[in-house]
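Below is one structure; the comments refer to it alone.
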2 protein chains.
Amino acid sequence: MKHEADPEDAEPSSSPQAAGGEAVLRGKATINDVARLAKVSKKTVSRVINESPFVKQKTRDAIKAVIAELGFTPDPQARALARRKGFLIGLVYDNPSPQYVVNIQRGILDALEGTDFQLVLHPCDRAKPDHVARIQSFIQQHKPFGLILPPSVSEDEPLALALNEADVDYVRIASVELDTPSRMIRTLDGDGGAAAGRHLADLGHRHIAHIHGPLSFRSTHERRAGFERALAETGLVLRPDMAVEGGYTFEGGVAAAEHLLAQSNPPQAIFAGNDEMATGAYVAVRRAGFRIPEDISIVGFDDTPIAGRLWPALTTVRLPIREMGSAAATLLLQTADGMTAKKLITFSPEIVVRGSTAAPGTR
Amino acid sequence: MKHEADPEDAEPSSSPQAAGGEAVLRGKATINDVARLAKVSKKTVSRVINESPFVKQKTRDAIKAVIAELGFTPDPQARALARRKGFLIGLVYDNPSPQYVVNIQRGILDALEGTDFQLVLHPCDRAKPDHVARIQSFIQQHKPFGLILPPSVSEDEPLALALNEADVDYVRIASVELDTPSRMIRTLDGDGGAAAGRHLADLGHRHIAHIHGPLSFRSTHERRAGFERALAETGLVLRPDMAVEGGYTFEGGVAAAEHLLAQSNPPQAIFAGNDEMATGAYVAVRRAGFRIPEDISIVGFDDTPIAGRLWPALTTVRLPIREMGSAAATLLLQTADGMTAKKLITFSPEIVVRGSTAAPGTR
DNA sequence: TTCGAAAATGTCACCGGTGTCAATCCTAAT
DNA sequence: ATTAGGATTGACACCGGTGACATTTTCGAA
């Protein structure tokens with residue numbers, strides 16, 4: 001819709017105001033314009049853009065001045081073509097929780113703010129046999145700068161191996177040490193489980209149940225192990241019939257809780273492996289005619305927004321998801337910055353006590 | 001990490017198996033390879049890729065065969081550079097609800113599946129004065145193919161004007177006719193409000209309140225207008241003191257509901273402008289000692305997942321958000337496909353009756 | 001059979017950068 | 001003053017496509 005064709009012959013000295021003022025608005029300036037005005041080769045300008053140390057300070061300053069004056073920004077497409085590497089950060093996920101996904105996204109975007117990188121979404125379905133191939137083809141075609149893999153994609157070892165072959169950097173977010181080494185964000189889910197267990201034990205509960213996630217998730221085991229560890233410290237054990245799977249879903253949580261409550265000696269407290277299942281437990285507990293927390297205490301995990309919106313509000317374990325996303329992106333971007341060493345950043349969860357837990361009542 | 005340098009002299013006939021088998025795995029083939037093997041100019045290959053009608057059927061078939069054999073896929077970066085337009089679809093949003101955002105994303109991704117386009121996220125903050133400028137700069141730098149603007153960004157007229165100036169296509173998702181013409185996905189929020197009103201009226205409620213969103217959102221007015229229209233059909237009116245703003249947030253919903261319940265004659269039923277506020281109303285109602293739905297009926301809007309997880313489950317108005325996202329992306333992509341006519345797709349919400357509404361009880 | 005317009009295809013520069021390697025500039029050592 | 005070797009800078013091809021326009025076919029009409 002725009003057809004402003006302005007002559008290209010008069011550049012020697014920049015039009016003092018016009019250039020300064022409009023520069024920001026029209027993204028026309030190219031590396032060639034900068035080179036011409038700065039009276040250097042475009043290659044040198046390129047060096048400045050890429051912060052090559054082999055440019056004399058004086059030259060660098062001069063070029064930077066011109067860049068600023070023109071409001072020049074290098075074209076990501078062209079750069080991507082020339083290097084064989086783009087400016088996209090791919091988020092490869094397969095996570096049922098919108099809350100988790102959105103927070104990871106926010107975190108990544110926080111870190112990407114101000115950089116040239118863009119976040120592209122690449123959901124996948126680990127169940128499909130060609131899922132690794134799809135990701136490979138995505139990489140080949142779009143040459144993303146790097147990938148971020150939150151759980152449970154992060155636990156996919158075949159994928160990690162394939163990624164090592166391919167020409168991409170990636171950072172994984174997981175709750176355990178993974179077989180394939182790589183940079184990663186690690187969460188100590190076990191500590192969270194322990195915190196939950198300790199909280200309930202401290203309140204005086206002796207008869208506690210656990211609704212856990214799918215066995216295929218490493219976090220399931222981490223959380224449970226931490227939980228049992230804490231109980232053990234108080235001399236309690238998690239009876240096998242008091243541990244039920246809830247699939248990390250709301251419906252699964254309802255079913256699991258119903259199962260627990262149907263036992264001859266129902267638990268006084270339930271630690272659910274995530275908030276979704278805890279929410280399901282609320283429903284089952286209420287349907288069964290019990291009160292929360294008077295009759296039964298419930299603890300969740302994740303501190304999703306729903307936790308604060310339930311009534312009574314859910315006591316849960318909080319993981320700083322957004323910060324983790326941000327850390328993951330930061331880790332990914334610092335490739336160039338000196339240390340090539342695979343790095344690891346650890347996050348610990350903390351318990352958020354709200355209204356769904358109380359000392360065991362008289363029942 | 002890969003250094004396979006294979007000679008470029010022997011291409012006449014492709015290595016029968018190697019090419020066919022590995023082709024998919026290594027993305028090395030370029031348009032030049034295809035051109036050479038098909039014995040045509042790269043430009044003709046380009047024509048085939050872009051489905052130009054000016055290629056003889058026979059030639060086209062031959063080229064397509066070679067493309068398939070080589071597993072060739074055009075490089076998005078190079079294409080983006082040459083045309084001055086990329087393959088990114090930007091989702092520009094400023095929406096507090098993760099649920100909404102994730103569903104829109106899913107819908108868009110559904111539509112993008114199988115295309116060369118990628119979804120990039122571009123959250124923004126309408127409150128910031130430079131927010132339009134930021135988006136402009138994003139467009140200039142990354143030259144996205146198009147943008148999708150869900151509410152409330154879609155209602156930003158200054159932005160729409162700026163976008164018309166810029167070289168981008170965009171599709172807006174909104175609940176009303178907007179001043180600036182453009183392709184859009186329209187939701188009839190008014191009908192949803194009406195459905196809510198009719199439902200409550202049909203149940204026999206005569207004393208009904210409304211918690212609405214911020215006045216700056218067009219949807220706020222649409223929903224309320226539809227609601228009042230339905231009440232009017234039954235001879236009811238929404239008393240001014242029974243309409244309170246809840247800011248579309250949970251906390252706002254709590255406060256608004258508390259305000260309503262504190263009146264000398266509290267309502268029998270509450271229609272909240274979205275599920276967030278409805279959830280807040282649950283809390284306020286319970287705190288005040290009322291039961292749902294026996295004492296007070298509640299209706300929400302949006303049918304977010306939380307609606308089904310509350311107890312009792314929330315009666316709400318459902319908008320097919322994911323489908324809307326998909327439709328928006330489809331609309332955006334069909335630019336080339338024939339009709340340039342600005343198009344409009346309309347979606348109607350439907351009420352989902354669950355456990356939070358019942359005939360007014362004896363109080 | 002001939003001719004002209006439409007249909008197909010090719011040529012070549014260019015999009016806006018980066019990689020490679022040669023050329024030039026300095027500065028300290030001889 | 002001369003010179004070697006590192007510090008800077010430039011020349012030029014190339015990344016993998018597309019646009020504008022030239023050239024060659026093709027084919028029905030004359």
Side-chain angles (χ1 to χ4, degrees), chain A residues 3 5 8 26-64 66-67 70-87 116 140-143 145 167 336, chain B residues 3 5 8 26-64 66-67 70-87 116 140-143 145 167 336:
Chain A
H3 284 291
E8 312 214 330
R26 55 172 192 184
K28 299 185 57 171
T30 76
I31 197 175
N32 294 300
D33 301 326
V34 177
R36 200 181 318 121
L37 282 182
K39 291 174 190 141
V40 295
S41 73
K42 57 195 282 195
K43 180 64 209 185
T44 300
V45 176
S46 169
R47 290 199 177 89
V48 171
I49 297 173
N50 294 292
E51 307 196 311
S52 157
F54 302 107
V55 178
K56 208 189 300 176
Q57 189 58 46
K58 194 175 169 186
T59 312
R60 184 192 310 283
D61 293 342
I63 293 177
K64 279 193 174 173
V66 176
I67 289 180
L70 259 42
F72 163 77
T73 29
D75 181 325
Q77 325 288 348
R79 299 227 274 177
L81 179 58
R83 321 163 151 192
R84 263 152 277 291
K85 192 66 122 178
F87 287 81
D116 291 329
Q140 287 191 336
Q141 266 204 57
H142 294 88
K143 310 189 181 64
F145 177 85
D167 183 32
Chain B
H3 284 292
E8 313 216 330
R26 55 175 192 183
K28 300 184 55 170
T30 76
I31 198 175
N32 294 299
D33 301 328
V34 176
R36 198 181 320 119
L37 281 182
K39 292 175 189 141
V40 295
S41 73
K42 59 196 280 195
K43 181 64 211 190
T44 299
V45 176
S46 169
R47 290 199 177 91
V48 171
I49 297 172
N50 295 291
E51 306 195 311
S52 156
F54 302 109
V55 178
K56 207 191 299 176
Q57 189 58 46
K58 193 176 170 187
T59 312
R60 182 192 310 282
D61 292 342
I63 294 177
K64 280 192 172 171
V66 176
I67 288 180
L70 259 41
F72 163 77
T73 30
D75 182 325
Q77 325 289 348
R79 299 225 274 177
L81 178 58
R83 323 163 146 192
R84 265 151 277 288
K85 193 65 126 178
F87 287 81
D116 292 328
Q140 286 190 337
Q141 266 205 57
H142 294 88
K143 310 189 181 66
F145 178 83
D167 184 31

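A quick note: this is a predicted structure, and the numbers were derived from the prediction, not measured. In what follows, chains carry the letters A, B, and so on, assigned in the order in which the sequence lines appear, proteins first and then strands, with residues in each chain numbered from 1.
Protein atom CG of A:D75 is 18 Å distant from nucleotide atom P of C:dC14, rounded to whole Å. As a whole-Å value, the separation of B:I63 CD1 from C:dG10 C1' is 12 Å. In this structure, B:F54 places its CZ atom 16 Å from P of D:dT18, rounding to the nearest Å. In this structure, the CG atom of B:D116 is 14 Å from the C1' atom of D:dG16, given to the nearest Å. Atoms CZ (A:R36) and C1' (C:dG17) sit 15 Å apart, rounded to a whole Å. Here C:dT18 presents its P atom at 12 Å from CG of B:L81, a figure rounded to the nearest Å. Between the P atom of C:dG16 and the CD atom of A:Q77 lies a distance of 11 Å, rounded to the nearest Å. Taking atom NZ of residue B:K143 and atom C1' of nucleotide C:dG17, one finds them 11 Å apart after rounding to whole Å.
Side-chain N or O atoms of A:R47 include none that pairs as donor or acceptor with a backbone N or O of A:S52 at under 3.5 Å. A donor-acceptor distance shorter than 3.5 angstrom exists from the side chain of B:K85 to the backbone of B:D167, with no hydrogens or angles considered.
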Polar atom pairs between nucleotides 19-24 of chain C and protein, under 3.5 Å, N or O only, would you list them?
{"residue": "C:dG19", "atom": "N7", "partner": "A:K43", "partner atom": "NZ", "Å": "2.8"}

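Using a 4.0 Å heavy-atom cutoff across all strands shown, A:V40 reaches sugar-phosphate atoms only and no base atom.
Paired with A:L37 under the rule side chain to side chain contact (heavy atoms under 4.5 Å, CB included), one option of A:I63, A:V66, A:V45 passes, and it is A:V66. Of the candidates A:T30, A:D33, A:N32, A:N32 is the only one forming a side chain to side chain contact (heavy atoms under 4.5 Å, CB included) with A:K42. The only option from A:K143, A:Q141, A:H142 that meets the side-chain hydrogen bond (donor to acceptor under 3.5 Å, both in side chains) definition with B:D75 turns out to be A:K143.
Taking only side-chain nitrogens and oxygens, A:T59 comes nearer than 4.0 Å to OP1 or OP2 of D:dT9. For B:S41 and C:dG10, the shortest distance from a side-chain N or O to OP1 or OP2 is below 4.0 Å. Regarding contacts with the backbone of D:dG17, every side-chain N or O of B:N32 stays at 4.0 angstrom or more from both OP1 and OP2.
With hydrogens and angles left out, the side chain of A:K42 and the base of C:dG17 share a donor-acceptor pair within 3.5 Å.
With contacts defined as side-chain heavy-atom distances shorter than 4.5 Å, the pair A:T73/B:Q140 does not qualify. No side-chain heavy atom of A:I31 sits less than 4.5 Å from a side-chain heavy atom of A:P74.
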> Stepwise, does the side chain to side chain contact (heavy atoms under 4.5 Å, CB included) test hold for B:K64 with B:V34?
Replying inline: CA-CA 9 Å; B:K64 280 192 172 171; B:V34 176; over 6 Å; no

>> Go through it in stages, so that I can follow the logic: the residues are B:Q77 and B:L81, the test is side chain to side chain contact (heavy atoms under 4.5 Å, CB included), and I'd like the CA-CA distance, side-chain angles, deciding distance and then a yes or no.
In response: CA-CA 6 Å; B:Q77 325 289 348; B:L81 178 58; over 6 Å; no

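Taking for each of B:Q57 and A:I49 the nucleotide of DNA chain C with the nearest heavy atom, the 5'-most of the two is the partner of B:Q57. Comparing B:K56 and A:I31 by the nucleotide of DNA chain C that holds the closest heavy atom to each, the one mapping nearer the 5' end is B:K56.
Bending across the helix from C:dT1-D:dA30 to C:dT30-D:dA1, expressed as the angle between its end axes from five pairs apiece, amounts to 50° (10° rounding).
Considering CG of A:L70 and CZ of A:R36, their distance stands at 9.0 Å, rounded to 0.5 Å.
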